[in-house]
*Asks:* 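A single structure is presented below for examination.
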Amino acid sequence: MYLFLLLIFPLSLIYAVFSNDQKGKLLTVLFAAGLAAVISAFNFFFMYFDAYSGRNFLWYFLSVFADDFILPALCYVFYFFFSKRERASKCSSLLLFLLSFYAVYIPYLVLRGFPPFSYFELFIKPLLYLALSTSVSLEITAALNQSSKSRLPRFLFYIITIFSPAFIEAAWRFMLPFGTWTILAFVYLVYSVWRVLRNKKQVADLFNSVVSAVFAKFSL
């Protein structure tokens, strides 16, 4: 029951590593995963967690957004400014950083709660943040390659991308009517898949690199 939660990010990370030809990518993976492990351990041993029982939708949404996105984003900013790698290399490693961080952090956020865990916590939340990781990295890459005039629409899509998972979780927690969170989650995940499929050349190159690596390993 917990396998999906525990494996979705590591498997996605392995898949992403083959698509990134930058040097030092393993250091990025180890740094992000190690940082997430330290933060999770610190929170587990020294911070008290109690499930939110209030009725303030906005407060819950902002707290989830801060925990689930702002903290990893600050960790990436720390990595970005203190790493000695080239700027382009650090930008291209954003996906690896987020996947490595969330591979540790998302299971911690879910399992620190109180069982039994819901379908949303075990399946939908990991998918939302996997979609967030891929969408954010693609949006930033696209923004860097576009002219300044076309960056405003891209920026608006970026804002929607980063706020949606926390809003969807708040909608689920407060049980908004008409299946609001289900519809929003479906639209968000479909949009993320569409963004990835738009990069057909990247997907094809990634598939070829994975197949080549597998054949190379078994031919030794």
Side-chain angles (χ1 to χ4, degrees), residues 1-20 57 60-62 64-65 67-70 72-73 76 92 94-103 105-107 109-110 117-146 150-210:
M1 189 172 181
Y2 298 106
L3 282 180
F4 185 84
L5 171 67
L6 297 175
L7 294 180
I8 183 65
F9 280 101
L11 292 177
S12 301
L13 177 60
I14 293 171
Y15 191 68
V17 164
F18 285 105
S19 68
N20 191 307
F57 181 93
Y60 183 81
F61 160 69
L62 292 176
V64 171
F65 181 69
D67 275 349
D68 296 7
F69 180 78
I70 295 298
Y76 178 74
S92 66
L94 174 59
L95 179 60
L96 293 180
F97 186 95
L98 290 176
L99 292 178
S100 304
F101 193 95
Y102 282 136
Y105 194 57
I106 290 297
L109 289 176
V110 172
F117 299 106
S118 69
Y119 178 84
F120 178 90
E121 293 169 303
L122 294 176
F123 296 97
I124 303 302
K125 180 164 184 167
L127 284 175
L128 289 176
Y129 283 92
L130 177 60
L132 171 71
S133 302
T134 56
S135 296
V136 165
S137 62
L138 290 173
E139 292 292 347
I140 290 181
T141 301
L144 292 174
N145 294 328
Q146 287 182 338
S150 60
R151 287 181 181 175
L152 179 58
R154 181 71 59 185
F155 178 75
L156 295 177
F157 275 110
Y158 179 72
I159 293 299
I160 294 173
T161 297
I162 65 175
F163 278 105
S164 292
F167 185 86
I168 292 169
E169 181 168 346
W172 163 76
R173 176 66 66 181
F174 283 83
M175 295 182 290
L176 294 189
F178 309 115
T180 302
W181 76 263
T182 306
I183 298 172
L184 293 176
F186 177 78
V187 171
Y188 187 76
L189 294 175
V190 169
Y191 167 75
S192 177
V193 171
W194 173 76
R195 287 289 288 114
V196 172
L197 292 180
R198 282 187 62 189
N199 295 265
K200 292 182 179 180
K201 184 177 183 302
Q202 293 183 13
V203 174
D205 291 343
L206 176 57
F207 176 79
N208 291 333
S209 64
V210 171

*Asks:* Rounded to the nearest 0.5 Å, how far does CG of Leu122 lie from CG of Leu127?
*Replies:* 11.5 Å
*Asks:* Would you say Phe167 has more than 12 foreign heavy atoms packed within less than 6.0 Å of its CZ?
*Replies:* no
*Asks:* Tell me the closest heavy-atom pair linking Ala103 and Phe9, and the distance in Å.
*Replies:* CA-CB, 3.5 Å
*Asks:* For residues Ile168 and Phe120, report the shortest heavy-atom separation together with the two atoms involved.
*Replies:* CG2-CE1, 4.1 Å
*Asks:* Relative to the ring of Phe163, is the ring of Phe61 parallel (under 30°), tilted (30 to 60°) or perpendicular (over 60°)?
*Replies:* tilted
*Asks:* State, with a plain yes or no, whether a side-chain heavy atom of Phe57 is found less than 4.5 Å away from one of Arg173.
*Replies:* no
*Asks:* With a 4.5 Å heavy-atom cut-off, do Lys125 and Asp68 have their side chains touching?
*Replies:* yes
*Asks:* Which atom pair, heavy atoms only, marks the closest approach of Phe4 to Pro126?
*Replies:* CE2-CB, 4.3 Å
*Asks:* Within a strict 4.5 Å, meaning less than it, do heavy atoms of the Tyr191 and Ser164 side chains meet?
*Replies:* no
*Asks:* Side chains of Tyr76 and Leu94: closer than 4.5 Å at any heavy-atom pair?
*Replies:* yes
*Asks:* Could you tell me which non-hydrogen atom of Leu99 sits nearest to which non-hydrogen atom of Ser12, and how far apart they are?
*Replies:* CD1-O, 3.8 Å
*Asks:* For the atom pair CD1 (Ile106) and CZ (Phe101), what is the distance rounded to the nearest 0.5 Å?
*Replies:* 9.0 Å
*Asks:* Can you check whether Leu5 reaches Phe117 side chain to side chain, under 4.5 Å on heavy atoms?
*Replies:* no
*Asks:* Taking all non-hydrogen atoms of both residues, which atom of Glu121 and which atom of Val110 are closest, and how far apart?
*Replies:* O-CG2, 3.6 Å
*Asks:* Going by heavy atoms in the side chains, are Leu132 and Tyr188 under 4.5 Å from each other?
*Replies:* yes
*Asks:* Give the minimum heavy-atom separation between Phe69 and Ile162, together with the two atoms involved.
*Replies:* CZ-CG2, 3.6 Å
*Asks:* Rounded to the nearest 0.5 Å, what's the gap from CG on Leu128 to CH2 on Trp181? Could you check?
*Replies:* 8.5 Å
*Asks:* Drop me the distance from Ser137's OG to Phe97's CZ, to the nearest 0.5 angstrom.
*Replies:* 13.5 Å
*Asks:* Mind checking the OG1-CD1 spacing from Thr182 to Ile124? Nearest 0.5 Å is all I need.
*Replies:* 8.0 Å
*Asks:* Working to the nearest 0.5 Å, report the span between OG of Ser192 and CG of Leu130.
*Replies:* 7.0 Å
